[in-house]
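The next block holds one structure in the form of structure tokens; read it before the comments.
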Amino acid sequence: MAEGMHVTLRMPILRVITLDCSYTIMQNAKIAQLLGEIADMLTLDTQTDRKFEVLAYRKAAQTIGSMQEDIGEVYAKGGLDALMELPGIGKGIAGAIKEYLETGKIPKYEDLKKRYPVDFATLTKIHGMGPKRIFRLYASLKIRSIDDLRKAVEQHKIMGLEGFGKRSEEEIANGIAQFESGQQRMALGRALPEAEAMVRKLGGSGLVGKVVIAGSTRRMRETVGDLDILITSDEPEKVRNFIARMPEVERVLLSGSTKTTVRLAIGLNCDFRVVEEQSFGAALQYFTGNKDHNVKVREIAVAKGYKLNEYGLFDKMDRNVAGAQEDGVYKALGMQVMDPEMREDRGEVELSQRNRIPKVIRLEDMRGDLHMHTVATDGNNTILEMASYAKGLGREYIGISDHSKSEYQAGGLDDKEMLRHLGEIDKANNKTEGIRILKSAEIDILKDGSLDLDSKTMDSMDYTLCSIHTNLTMSRGDMTRRVIKAMESGHMSIWAHPTDRVINQRAPIDIDLDRAFQAAEDNGVILEIDGYPDRMDLNDENILRAKEYKKIRFAIDTDAHRDEHLNLMRYGVSTAKRGWLEPGRVVNALPLDKLLKQLWK
DNA sequence: GCCGTTTTCGGCCCGACTGTTTTCAGTCG
């Protein structure tokens with residue numbers, strides 16, 4: 001039966017062990033690096049064409065580098081067979097991994113390294129440097145490391161070498177500078193508004209037809225490496241000039257007839273691509289999916305006798321079958337269209353061929369927002385102002401959740417102050433129509449797992465949000481006990497921003513999430529997806545993992561500290577989409593009466 | 001080296017841009 005095919009689908013993300021233990025990730029990263037270097041070195045073999053062997057090593061490196069489960073554990077549990085289950089890993093590479101896990105060395109790597117004693121892993125990270133150029137510099141100047149390279153650039157030894165000119169040397173100098181300034185991926189919350197500002201300007205220029213954001217920004221990944229903006233225009237030359245003069249643009253890196261790449265002042269590259277109307281949908285599809293998603297979609301096209309590229313879907317006679325609309329491309333391939341957030345090759349390609357893409361939460365589903373602050377603590381607006389703004393956004397209810405007393409830097413409230421504040425919420429409710437204001441608080445889970453307010457105070461709220469703000473560096477065991485104790489108190493409705501990570505700034509707390517999720521399920525604790533762009537916590541991978549606990553419910557909140565922050569709901573919803581969360585699991589997608597029944601079990 | 005709903009052999013996604021070139025290699029996404 002066709003149903004039996006389910007089990008053959010690879011959905012590695014669903015059995016993910018996330019960033020809990022940096023040690024194991026380090027080991028994966030090391031193996032990925034070695035396999036990548038093998039690929040680099042094989043590239044240099046001029047005797048035989050090993051193009052596809054190189055490709056195989058790269059794919060394997062990619063698989064292991066992006067795995068969240070410890071590769072050593074996979075091997076320990078299932079041996080070579082388990083390794084060969086992984087995409088792109090067959091007998092040969094599985095053997096190499098086994099060798100590394102048991103001896104710390106891969107013989108093939110050691111052999112190649114004798115011939116090419118060069119730090120490919122670092123040097124290939126410099127923009128414009130690939131294996132061939134690196135090898136040439138080694139062969140002629142004995143450059144082995146980034147330090148060697150820097151010296152050679154400073155002494156202008158590179159220009160004049162065969163295949164290198166003045167421009168190449170400048171490019172390398174720029175590449176080194178950029179590498180050393182630590183080219184970190186940028187938080188979505190910073191990159192997306194920048195992209196939207198440029199889209200607005202281009203849209204108002206009178207030079208373009210369509211202008212939209214694509215790439216990882218459209219997929220709403222929590223961090224982005226660069227921006228992609230897609231444009232249709234009859235006047236591509238003028239568009240190029242317009243882009244070069246936008247104040248956001250620091251300098252133009254390259255500019256051709258269809259593609260312009262610029263460095264933005266905020267420290268991010270942005271690709272602008274100009275395409276014809278009839279190719280717009282194909283280009284949007286092409287520049288939105290992640291690499292693996294796109295490879296799979298193109299393979300489906302090939303299997304059906306088509307060719308798919310950014311210009312359209314073409315049959316054997318090179319006739320255009322689809323391309324103007326993105327949906328049209330998927331439909332012509334017999335695929336169900338899925339939201340951009342899902343295009344990460346986490347099983348969506350296979351499901352879409354069988355019309356089985358789950359219906360995930362959408363912004364329109366959100367009826368309320370259960371986490372926000374007011375002037376009573378560290379917010380900027382009053383209860384009434386927040387309610388009025390939320391009503392303008394179409395929310396049916398909000399929950400006011402100011403801080404408890406341990407958050408003294410935020411002006412946290414003690415029991416007496418909190419009770420008075422709850423009275424203020426009652427008054428505000430009486431003055432407001434068309435939206436219900438719920439009584440809550442963001443209550444600290446203290447070091448010992450107790451909660452920061454009296455039971456009596458908490459009992460007079462509609463629900464509680466509980467979270468950790470202090471003692472973030474406890475051991476895994478202590479942290480896990482701390483959270484579980486709070487969950488078992490009977491006074492914890494929602495676990496707010498569970499892992500406490502701040503994107504690009506603070507690592508998540510060390511906690512056994514599986515035990516915590518189990519306790520949440522047992523005690524009816526709702527998990528928050530905090531949509532504040534610095535947090536986005538739970539993140540996509542942890543949502544995928546938590547939703548496997550079938551009774552766990554979620555809340556998607558903004559953690560707003562001023563009224564405009566209530567618009568940040570889209571970050572939370574997109575994160576939930578990336579976690580394949582269905583609306584039935586989200587409590588604040590429920591109407592008020594149903595929500596109230598859910599909040600205290 | 002990997003992989004299989006046209007294949008266990010013979011394929012492997014596809015195109016843009018640049019610099020240093022006299023027709024293309026290297027790199028990137």
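Throughout, a chain's letter reflects where its sequence line sits, starting with A, and its residues are numbered from 1.
Between B:dG26 and A:Arg136, a contact under 4.0 Å exists linking OP1 or OP2 to a side-chain N or O. Taking 4.0 angstrom as the limit, A:Lys132 places a side-chain polar atom (N or O) nearer than this to OP1 or OP2 of B:dG26. Within the 4.0 Å cut-off from OP1 or OP2 of B:dC17, not a single side-chain nitrogen or oxygen of A:Ser255 is found. At least one side-chain nitrogen or oxygen of A:Lys108 sits closer than 4.0 Å to the OP1 or OP2 atom of B:dG1. Within the 4.0 Å cut-off from OP1 or OP2 of B:dG26, not a single side-chain nitrogen or oxygen of A:Arg133 is found. Taking only side-chain nitrogens and oxygens, A:Lys291 never comes nearer than 4.0 Å to OP1 or OP2 of B:dC14. At B:dC17, one or more side-chain N or O atoms of A:Thr258 fall inside 4.0 Å of OP1 or OP2 (strictly under the cut-off). Neither OP1 nor OP2 of B:dC13 sits under 4.0 Å from any side-chain N or O of A:Tyr311.
Rounded to whole Å, the separation between the C1' atoms of B:dT23 and B:dT18 comes to 15 Å. Comparing B:dG1 with B:dT6, their P atoms are spaced 27 Å from each other, to the whole Å. Only the P atoms considered, B:dC17 is 22 Å distant from B:dT22, to the nearest whole Å. Spacing of P atoms, B:dC14 relative to B:dC9, comes out at 25 Å, to the nearest Å. With both ends at atom C1', the span from B:dT7 to B:dC12 equals 13 Å, rounded to whole Å. Nucleotides B:dT21 and B:dA16 have their P atoms positioned 24 Å apart, rounded to a whole Å. One C1' atom belongs to B:dT8, the other to B:dC13, and the distance between them is 23 Å to the nearest Å.
Within 4.0 Å of A:Glu162, counting heavy atoms only, lies no atom of the nucleic acid at all. Nucleic acid contact for A:Phe52: base, since at least one base atom lies under 4.0 Å from a heavy atom of the residue. Among the protein residues, A:Lys304 comes within range of no part of the nucleic acid, since none of its heavy atoms lies under 4.0 Å from any strand. Here A:Glu171 lies out of heavy-atom contact (under 4.0 Å) with every strand. Among the heavy atoms of the strands lying under 4.0 Å from A:Lys307 are primed sugar atoms or P, OP1, OP2 only; no base atom is included.
Using modelled atom types, one finds a donor on one side chain and an acceptor on the other under 3.5 Å when comparing A:Arg185 with A:Thr223. A:Gln336 and A:Tyr330 are not linked by any side-chain donor-acceptor pair at a separation below 3.5 angstrom, with hydrogens and angles left out of the test.
A:Ile71 is listed as a side-chain neighbour of A:Leu86, based on a closest heavy-atom distance under 4.5 Å. Side-chain contact between A:Lys98 and A:Leu80: present, with at least one pair of heavy atoms (C-beta onward) separated by less than 4.5 Å.
Closest to the A:Ile93 side chain, of the nucleotides B:dG1, B:dC14, B:dT20, is B:dG1. Side chain of A:His127, nearest nucleotide from B:dG29, B:dC17, B:dC14: B:dG29.
The partner of B:dT27 is B:dA16, by the rule that a Watson-Crick or G-U pair needs both atom distances under 3.5 Å.
Toward the 5′ end of DNA chain B lies the nearest nucleotide of A:Gly92, the other residue of the pair A:Thr124 and A:Gly92 mapping further downstream.
With A:Tyr138 as the aromatic partner, A:Lys142 meets the cation-pi criteria of under 6.0 angstrom to the ring centre and within 45 degrees of the ring axis.
Between A:Tyr116 and A:Phe120, the two ring planes are perpendicular [angle over 60°; tilted spans 30° to 60°].
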